[in-house]
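Accompanying notes for the structure given below.
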Amino acid sequence: KAQSGSGRRGSMAGPLWPTFTSNFNVWTWVYTWDIDCSNSWLTNADLNEFTWLTNVSWYLRLDQNSLTNVNGLVNLTNIWDSSNFGLDLGENLITDISGITNLSTIYRLSINDNKLDDDSNNDGVSDNLSLLDIFSNKTELDFLDLSDNSIVDISQLSWITDLNYLNVWINEINDISPVSWLSNLITLKVYNNNLDDDLNNDNIIDNDPLDPVKNMTGLEHLSFYENEIKDLSDLVLLTNLEILYMNNTNIDDLSVLINLKDNSWSHIDMFDVSTIDDLSPLDWFTSTNSSTWFKLDNRAYWTKIDSTSSI
């Protein structure tokens, strides 16, 4: 671990430097263990001490610091960890991720809770399309967390065809069409964005923001709550869904759920059903699937819901 005798984790100097270097193979330039510099008050200047680093055989944690860029990782090309943290840059102040352009072998990447912003005019249109260019060579990624930033355009993510997990919640995204290329997705979290299927606000469907997921039959977890979505018809073929979060939306018709009654459900969260007149599609909740956690109007149900009762 990169630690110093002063108690400040992350510094490469100090009495523990011999321990750190003992895991560095000078012949292969591979660091053979993990590097955990999370919550270490790291600045950009501190990260510049990592410019010698080219390969890490396990994970690299740089989360919960004060980084605004990752230029110190400019020579890093491989992080081999596929089951733990991979590269974790979460909870920093990062506005520029071009420093990891050369990182071509990586399986897990978290850049959540940062300051990535491609819409400086706040008009819903990206004016920095190159912000996510680094993903053009990250085709082996299977886990990506970009949540809690200010991203509008995710078109560059269409390159990551091996992706299993994508979290882009709490951004400014109004179009998720690039995910239609991600046929291996199992988990998709897009809640609290700007998805809207009634652009004119006249109670008439004039847009189809969920169309990109309609053929993603491998999806098991879909979260799109806190968006202006009314129509669920695009979910009709998602017979592998097990977890569905759709609370705080404008949904008024649950009939599509009838087609998904044989799914191996574990959690459905709708929270507010004030816009729904007919709850009969929920009648398939019987004791045979009592392991399903079903949340309706902030109340949890484990057994059959009586759709004729007042809720």
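These numbers come from the heavy atoms of this one structure, side chains and all, not from hydrogens, waters or symmetry mates.
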Side chain of Asp118, backbone of Asp153: donor and acceptor closer than 3.5 Å?
yes

Minimum side-chain heavy-atom gap Val256-Ser233 below 4.5 Å:
no

same_hphob_cluster(Val56, Tyr59) at 4.5 Å side-chain heavy-atom cutoff
yes

Applying the 4.5 Å side-chain criterion to the ILVMFWY set and letting contacts propagate, would Leu237 and Trp265 be lumped into a single cluster?
yes

Using a 6.0 Å cut-off, check whether atom CH2 of Trp58 has over 12 heavy atoms from anything other than its own residue.
yes

Report the distance from atom CG of Asp196 to atom CG of Asp175, rounding to the nearest 0.5 Å.
12.5 Å

Check: Ser120 main-chain N/O paired with Asp127 side-chain donor or acceptor under 3.5 Å
yes

Treating Asp197 as the side-chain partner and Asp231 as the backbone partner, does any N or O pair qualify as donor plus acceptor under 3.5 Å?
yes

Nearest heavy-atom approach of Met216 to Leu238 is O-CD2, 3.2 Å

Hey, does the side chain of Arg108 reach the backbone of Asn84 with a donor-acceptor pair shorter than 3.5 angstrom?
yes

Intermediate values then yes/no, side-chain contact (heavy atoms from CB on, under 4.5 Å), Ile134 and Ser136:
CA-CA 6 Å; Ile134 63 130; Ser136 63; over 6 Å; no

With no hydrogens and no angle check, do the side chains of Lys189 and Tyr245 hold a donor and an acceptor under 3.5 Å apart?
no

Value rounded to 0.5 Å, distance of OG in Ser147 from CG in Leu116
10.5 Å

Drop me the distance from Glu172's CD to Asn192's CG, to the nearest 0.5 angstrom.
8.5 Å

Pairwise distance CG(Leu132) to CD(Gln156) - rounded to 0.5 angstrom
7.0 Å

Hphob cluster co-occupancy, Val213 + Leu260, side-chain heavy atoms under 4.5 angstrom
yes

Measure from the side-chain N and O atoms of Lys261 to the backbone N and O of Leu257, and report whether any donor-acceptor pair falls under 3.5 Å.
no

Main-chain N/O of Ile94 paired with Asn92 side-chain donor or acceptor, under 3.5 Å:
no

Is the backbone of Val70 close enough, under 3.5 Å, to the side chain of Asn44 for a donor and an acceptor to pair up by distance?
no

Using distance alone, with no hydrogens and no angle criterion, decide if Ser130 and Asp133 have a side-chain donor and acceptor under 3.5 Å apart.
no

Just say parallel, tilted or perpendicular for the rings of Tyr225 and Tyr191, cut-offs at 30° and 60°.
parallel

Evaluate the side-chain contact (heavy atoms from CB on, under 4.5 Å) criterion for residues Leu166 and Thr187: first the C-alpha distance (whole Å), next the side-chain angles of each, then the deciding distance (0.1 Å), finally the verdict.
CA-CA 6 Å; Leu166 175 60; Thr187 297; over 6 Å; no

Inter-residue atom distance Asn114.CG - Ile97.CD1, 0.5 Å rounding
9.0 Å

Heavy-atom side-chain contact between Leu109 and Phe135 under 4.5 Å
yes

Working note: Asp88 + Ser110, criterion side-chain contact (heavy atoms from CB on, under 4.5 Å); need CA distance, chi angles, decisive distance, verdict.
CA-CA 5 Å; Asp88 192 343; Ser110 299; 3.6 Å; yes

If you define the side chain from C-beta out and look only at heavy atoms, does anything of Ile160 sit under 4.5 Å from Thr139?
no

Heavy-atom closest contact (Ser98 atom, Asn71 atom, distance)
OG-OD1, 4.3 Å

Shortest non-hydrogen contact from Pro178 to Ser155?
CG-CA, 3.4 Å

Taking a hydrophobic cluster as the set of Ile, Leu, Val, Met, Phe, Trp and Tyr residues connected by side-chain heavy atoms closer than 4.5 Å, whether directly or through intermediates, do Leu219 and Leu235 fall within one such cluster?
yes

Which pair of heavy atoms, one from Thr51 and one from Asn75, lies closest together, and at what distance?
O-ND2, 2.6 Å

Between Asn164 and Asp142, is there a side-chain donor-acceptor contact under 3.5 Å, judged purely by atom types and distance?
no

Compare every heavy atom of Gly86 with every heavy atom of Asp81, then report the nearest pair and how far apart it is.
OD2-N, 2.7 Å

Rounded to the nearest 0.5 Å, how far does CG of Asp119 lie from CG of Leu131?
11.0 Å

Any donor-acceptor N or O pair under 3.5 Å, side chains Thr77, Asn102
no

Taking side chain as C-beta onward, heavy atoms only, is Ile106 less than 4.5 Å from Trp80?
no

I'd like to know if the side chain of Asn167 reaches the main chain of Asp145, judged simply by a donor and an acceptor atom lying under 3.5 Å from each other, with no hydrogens or angles considered.
no

Donor-acceptor pair, side chain of Asn193 and main chain of Asn171, under 3.5 angstrom
yes

Checking the side chain of Asn149 only, and the main-chain atoms of Ile151 only, is there a donor and an acceptor separated by less than 3.5 Å?
no

Tell me, with the steps shown, if Leu87 and Ile100 meet side-chain contact (heavy atoms from CB on, under 4.5 Å).
CA-CA 10 Å; Leu87 174 58; Ile100 55 173; 4.1 Å; yes

Side-chain heavy atoms of Val190 within contact of Leu195, under 4.5 Å:
yes

How far apart are the C-alpha atoms of Thr43 and Asp46, what are their side-chain angles, what is the distance that settles it, and do they pass the side chain to side chain donor-acceptor pair (under 3.5 Å) test?
CA-CA 5 Å; Thr43 64; Asp46 295 318; 3.2 Å; yes

According to a 4.5 Å side-chain heavy-atom criterion applied to Ile, Leu, Val, Met, Phe, Trp and Tyr, with indirect links allowed, do Tyr107 and Leu182 form part of one hydrophobic cluster?
no

Looking only at side-chain N and O atoms, does Glu220 offer a donor or acceptor that is under 3.5 Å from a partner on Asn240?
no

List the atom of Met246, the atom of Ile268, and the distance in Å for their closest heavy-atom pair.
CE-CG2, 4.1 Å

Close side-chain approach of Leu47 and Leu67, heavy atoms under 4.5 Å
yes

Heavy-atom check, side chain of Asn78 versus side chain of Thr54, under 4.5 Å
no

Below 4.5 Å, heavy atoms only, C-beta onward: do Ile176 and Phe224 meet side chain to side chain?
no

Begin with the C-alpha distance, continue with both residues' side-chain angles, and end with the deciding distance and a verdict on side chain to side chain donor-acceptor pair (under 3.5 Å) for Asp148 and Asn112.
CA-CA 6 Å; Asp148 206 353; Asn112 55 289; over 6 Å; no

Any Lys/Arg nitrogen of Lys230 or Asp252 sitting under 4.0 Å from an Asp/Glu carboxylate oxygen of the other?
yes

